[in-house]
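Quick notes on the structure that follows.
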Amino acid sequence: MKISPVEQLYTLFNETSMALQEELDCTFLEALAETGENLFHGSIIQEELSELTVKRLKKQYEEINLEQYSKEDIRKAYQLVILKGMKENVQPNHQMTPDSVGMLVGYLVEKFVKQPSFRLLDPAVGTGNLLTTVLNQQLHKKIESIGIEIDDILIKLAYISSNLQQHPVQLFNQDSLLPLFIDAVDAVISDLPVGYYPNDVTSASFELKAKEGHTYSHHLFIEQSIRHTKPEGYLFFIIPNGLFESEQAPELHEFLKKNSNIQGILQLPLSMFKDKNAAKSILILQKKGNEIQAPKQVLLAQLPTISNAVEMDRILRKIDEWIKENKG
Ligand code: SAM
């Protein structure tokens, strides 16, 4: 039986991570980052390994030439191994953005952002899966991308993933709601962390700070992203379905009306979410600028499951028509 390229890479990442995990006495995800470093550098960088493990790793690395695999094969295999590692220690706010969502965001970025070269930011880059899924779809465009992430293991995974896929991403390991030392970007993509942001001192510098108690971090992320986007730039957020229904929603709505034009809200299929209350949508915004006008009509759609090809085709055509009518 023929083994697919993704399976070959999965086996390599998985087995070498297990060997390193055992010997370095670390978590599986830390070991995955180590094996990724080795593959990227083309040598074994850990000094504390036994001769036997070094020999075994060398043999496995030599069997695979990464140059022969597509960026998407590398991303998919790496993503599957991360999913395995995440099962070891589950953290609900660290969930990777699934492929189907990444593909759609990639499609939208491709359609909305027309410049041949642009700057793209993901302020909650996590493992980099959403960012690299989107990058892999922007053929013939030159993109300077920036990722920010508070968790040091996740950003390491994002760094390895970008290296293996040969995407020159600038990564910052910091709280995205603190001042960002980056130039304004043309577009933002982000699967927003949802919940309360604990640091009220930082929230105080935001227009969207709650009158009482903690502010929603997803609201602050939206404000921070708009601040760092150029006028007329686009923003694509994965948001909770109830975004406009919470007690802090009226202020968010006012803020969005003042600073942006809502382009569309695409609801992801409920079947994607175990808990229906955690279901999400894609919110598309355009930051206000001198030239732009609000769309005649906001693009609203309920997305089908990715396996429903006929319905998916209908929705993609609806999106294309909407773009032709509103974005000329
Ligand atoms: N798109 C990512 C991927 O494909 O792996 C997943 C994003 S996940 C839903 C949200 C991310 O936001 C988590 O990785 C979390 O650690 C990060 N995060 C939460 N609060 C943050 C903050 N204040 N600054 C930076 N990152 C933060």
Side-chain angles (χ1 to χ4, degrees), residues 29 32-33 36 72 75-76 78-86 89-106 108-109 120-137 145-162 165 167 169-182 187-203 205-206 208-209 214-225 227-228 235-240 243 268 272-273 275 278-283:
L29 288 179
L32 173 60
E72 269 299 271
R75 184 190 64 75
K76 283 186 188 149
Y78 191 75
Q79 165 193 243
L80 291 171
V81 191
I82 292 179
L83 282 175
K84 177 191 163 182
M86 282 189 164
N89 20 19
V90 187
Q91 286 154 310
N93 249 334
H94 286 182
Q95 268 167 15
M96 237 189 315
T97 309
D99 265 14
S100 49
V101 179
M103 300 302 253
L104 250 152
V105 176
L108 295 169
V109 170
L120 177 68
L121 165 70
D122 183 345
V125 75
T127 61
N129 195 47
L130 171 65
L131 179 62
T132 55
T133 309
V134 171
L135 288 177
N136 287 346
Q137 281 180 82
S145 43
I146 302 151
I148 311 174
E149 171 57 52
I150 201 163
D151 185 291
D152 49 354
I153 294 291
L154 295 180
I155 199 150
K156 198 158 181 204
L157 293 172
Y159 150 80
I160 303 285
S161 171
S162 319
Q165 294 177 64
H167 286 304
V169 183
Q170 229 183 314
L171 291 165
F172 296 89
N173 187 194
Q174 70 157 85
D175 180 341
S176 292
L177 301 175
L178 291 175
L180 303 180
F181 300 100
I182 58 168
V188 173
I189 51 168
S190 195
D191 185 353
L192 299 175
V194 177
Y196 287 109
Y197 180 63
N199 188 341
D200 294 336
V201 178
T202 302
S203 318
S205 64
F206 285 78
L208 286 173
K209 65 176 182 291
H214 295 325
T215 312
Y216 281 131
S217 61
H218 41 295
H219 290 197
L220 299 176
F221 262 80
I222 293 176
E223 179 172 339
Q224 181 75 318
S225 301
R227 267 192 211 165
H228 288 275
L235 304 99
F236 308 83
F237 295 115
I238 319 297
I239 55 159
L243 183 76
L268 295 166
M272 270 182 65
F273 304 90
D275 173 7
K280 299 201 173 166
S281 299
I282 302 176
L283 170 68

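Residue numbers start at 1 and run along the sequence shown. These figures come from a predicted structure and were not determined experimentally. Both ligands and their constituent atoms are indexed starting at 1 by order of listing.
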request  = May I ask whether Ile238 has any heavy atom positioned less than 4.0 angstrom from an atom of ligand 1?
outcome  = no

ask   = Given Met86, Lys280, Glu149, which one has a non-hydrogen atom that is nearest to atom 11 (C) of ligand 1?
value = Glu149

key: Heavy-atom nearest neighbour of atom 19 (C) of ligand 1 within options Pro193, Ser190, Gly147, Ala124   = Pro193

note = Going by the 4.0 angstrom heavy-atom rule, the piece of Leu154 near ligand 1 is side chain

query = Looking at Gln174, which atoms of ligand 1 are within less than 4.0 Å of one of its heavy atoms?
reply = 24 (N), 25 (C)

remark   = Here the pair of heavy atoms bringing Asp191 nearest to Leu130 is N-CD2, 3.9 Å

request  = Evaluate side chain to side chain donor-acceptor pair (under 3.5 Å) for Asp175 paired with Tyr197, printing each intermediate quantity in order.
outcome  = CA-CA 11 Å; Asp175 180 341; Tyr197 180 63; 2.6 Å; yes

message = Are any of the N/O atoms on Asp122, whether in the backbone or the side chain, positioned under 3.5 angstrom from an N/O atom of ligand 1?
response = no

key: For Gly126, the ligand 1 atoms whose distance to one of its heavy atoms is below 4.0 Å   = 5 (O), 14 (O)

task = Please confirm whether Leu130 comes within less than 3.5 Å of ligand 1 when only nitrogen or oxygen atoms on both sides are compared.
result = yes

ask   = To which of Thr127, Thr97, Val194, Ile82 does the heavy atom nearest atom 5 (O) of ligand 1 belong?
value = Thr127

query = Checking side-chain contact (heavy atoms from CB on, under 4.5 Å) against Ser225, which of Leu235, Leu192, Leu220 comes through?
reply = Leu235

query = Counting from 1, what ligand 1 atoms have a heavy atom of Val125 closer than 4.0 Å?
reply = 2 (C), 3 (C), 5 (O)

inquiry  = Can you tell me which portion of Phe172 lies within the under-4.0 Å heavy-atom range of ligand 1? Options are side chain, backbone, both, or neither.
reply    = neither

query = Would you call the rings of Tyr216 and Tyr196 parallel, tilted or perpendicular if under 30° counts as parallel and over 60° as perpendicular?
reply = parallel

Winner among Ser176, Ser161, Pro98 once heavy atoms are compared against atom 25 (C) of ligand 1 = Ser176

ask   = Shortest non-hydrogen contact from Asn136 to Gln165?
value = ND2-OE1, 3.0 Å

key: Closest contact, heavy atoms only, Leu268 versus Met272   = CB-SD, 4.3 Å

ask   = For His219 and Leu208, which heavy atoms make the closest approach, and how far apart are they?
value = O-CD1, 3.5 Å

Nearest non-hydrogen partners of Ser161 and Thr127, listed with the distance = CB-O, 4.1 Å

